[in-house]
Every structure is written in C-alpha cells, then in structure tokens.
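Okay, so here's the structure we're looking at.
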Amino acid sequence: CVHLAYGGAGEAPEPALPAVEFVGRGGRDAADDAARLAKARVLPGFAAAQGILQEAVAARASGVAVECLADGSATVRQEVDGVWEPPRIRAAARGRGDEAWEPAPTLSREAGAAVIATLAKLAGVAPAADKTVAGPFGLVVDGTVRSCRLAVRAATAGPHAIATIA
C-alpha cells in the first residue's frame, strides 16, 4: 500500500488510495451514531486514523492494530492474508519500472494514543485497564459501507487497539 503521512491538515490523499470515510454505528439510534462521528471528527487523531484505515483498505487488510509502547512510540500493524506486519511505504524508484518498498515510520506515543482515542469515540467505547471493551463503527470505502469493530484495552505503556474490517 502507499503510505500517507498520517493526517497532516490540508494534505491531498494519494490518488491510488480508495476514498474512505467513517460512519457511526452501534448507537441507540441514528442521532447517537451521528453524535459519535461528530465527537470523533474534532479529535486530533481523526485524520491519522482515517489515513491508517485508508492504507489498510488499500493493502486488503482485515485488521489494523495500534499499540502504544513504553519507549514513547506507537506501532501500527496490518493483518493481510492472516499475517500481521507493519505497513510499508513506496520508496523512491531506482530505475524505470522498479518498485521498492520500505517500512513505514512509527508514530509517536501521543499520535498513537490520539488515533486510538478517535476510534474509541467513534465506536462508543472507553479503554479499561481490567478488560477489553469493543464496539462497532462503519467505514465507507468508495461508496460502499463496510462494518468494522474496535477492541481496545488500557495498558501500562498506553492503550492497545485492534480494528477489524469486514
């Protein structure tokens, strides 16, 4: 997949990536779903979360994990064909027709936590230290709604989340 810079304001999306938008799901009614989306949209991790899921869809991933680490960073991994691995970005071409890939840069712990907070708000859940909590959200990909589910848990180093994409 082609890597976005995870959400700089005003950045144009990579043309090869599918159009992706979030949809609130799982609320009491449509108004509750819309409120979840509105609350998530104003959080600082919204653009990065959208970029991460856009990349995941482009990579045919069935899941995305975001994990805050004790070293001050956060990792993003994608599950593609049953294998969890970090997203990769297209490197500068070395010659005509050559395609090279390299690991995507890691997120800061703060950026990872902001992404998780955004997804948690969208799914209507709050991370809890003693258990994993889960909730649904939707993803519109090129006009088609896809059901997603977020599982999130608080940990000593920071929150961990896995979003499954149906």
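Residue pairs meeting the ring-ring contact (aromatic ring centres under 6.0 Å, His included) criterion with at least one partner in residues 65-85, sequence neighbours excluded, are absent. A ring-ring contact (aromatic ring centres under 6.0 Å, His included) check over residues 36-67, counting only residues at least two apart or in different chains, returns the pairs Phe22-Phe46. Evaluation of the ring-ring contact (aromatic ring centres under 6.0 Å, His included) test over residues 145-166, restricted to residues two or more places apart or in two chains, returns none.
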List the atom pairs, donor and acceptor, that lie under 3.5 Å between side-chain atoms in residues 56-72 and the rest of the protein, sequence neighbours left out.
{"residue": "Arg60", "atom": "NH2", "partner": "Asp81", "partner atom": "OD2", "Å": "3.2"}
{"residue": "Ser62", "atom": "OG", "partner": "Glu79", "partner atom": "OE1", "Å": "3.3"}
{"residue": "Asp71", "atom": "OD1", "partner": "Ser73", "partner atom": "N", "Å": "2.9"}
{"residue": "Asp71", "atom": "OD1", "partner": "Ser73", "partner atom": "OG", "Å": "2.6"}
{"residue": "Asp71", "atom": "OD2", "partner": "Ser73", "partner atom": "OG", "Å": "3.4"}

Extract all donor-acceptor atom pairs below 3.5 Å that involve side chains of residues 139-146 and protein atoms in other chains or at least two apart in sequence.
{"residue": "Asp142", "atom": "OD1", "partner": "Ala19", "partner atom": "N", "Å": "2.9"}
{"residue": "Arg146", "atom": "NE", "partner": "Ala166", "partner atom": "O", "Å": "2.9"}
{"residue": "Arg146", "atom": "NH2", "partner": "Ala166", "partner atom": "O", "Å": "3.3"}

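When the side chain to side chain donor-acceptor pair (under 3.5 Å) test is applied to Arg109, no partner is found at least two apart in sequence or on another chain.
Using a distance-only test at 3.5 Å, with no hydrogens or angles considered, no donor-acceptor pair links the side chain of Glu85 to the main chain of Arg77.
Nearest heavy-atom pair across Arg36 and Ala123 is NH1-O, 3.2 Å. For Ala74 against Gly112, the heavy-atom pair with the smallest separation is CB-CA, 3.8 Å. Contact record, Leu43 with Ala117: CD1-O, 3.8 Å, taken as the closest heavy-atom pair. Considering every non-hydrogen atom in both Gly27 and Asp33, the closest pair reads N-OD1, 2.7 Å. Lys39 and Lys121 make their closest contact through CB-CG, 3.7 Å (heavy atoms, listed as atom of the first residue, atom of the second, distance). The minimum heavy-atom distance between Pro159 and Ile116, with the atom names listed, is O-CD1, 3.3 Å.
By the 4.5 Å heavy-atom criterion applied to side chains, Pro127 and Arg153 are not counted as neighbours. Residues Arg25 and Ser147 are in side-chain contact: their nearest non-hydrogen atoms beyond the backbone lie under 4.5 Å apart. Within the 4.5 Å cutoff, the side chain of Leu107 has no heavy atoms near those of the Thr75 side chain. A heavy-atom distance below 4.5 Å is not found between the side chains of Thr132 and Val152. Using a 4.5 Å heavy-atom cutoff, the side chains of Glu55 and Gln78 are in contact.
Rounded to the nearest 0.5 angstrom, Leu119 CG and Leu53 CG are separated by 6.0 Å.
At a threshold of 4.5 Å between side-chain heavy atoms, the hydrophobic network of Ile, Leu, Val, Met, Phe, Trp and Tyr places Ile162 and Val115 in two separate groups. Both Leu150 and Ile165 belong to a common hydrophobic cluster when Ile, Leu, Val, Met, Phe, Trp and Tyr are linked at side-chain heavy-atom distances under 4.5 angstrom.
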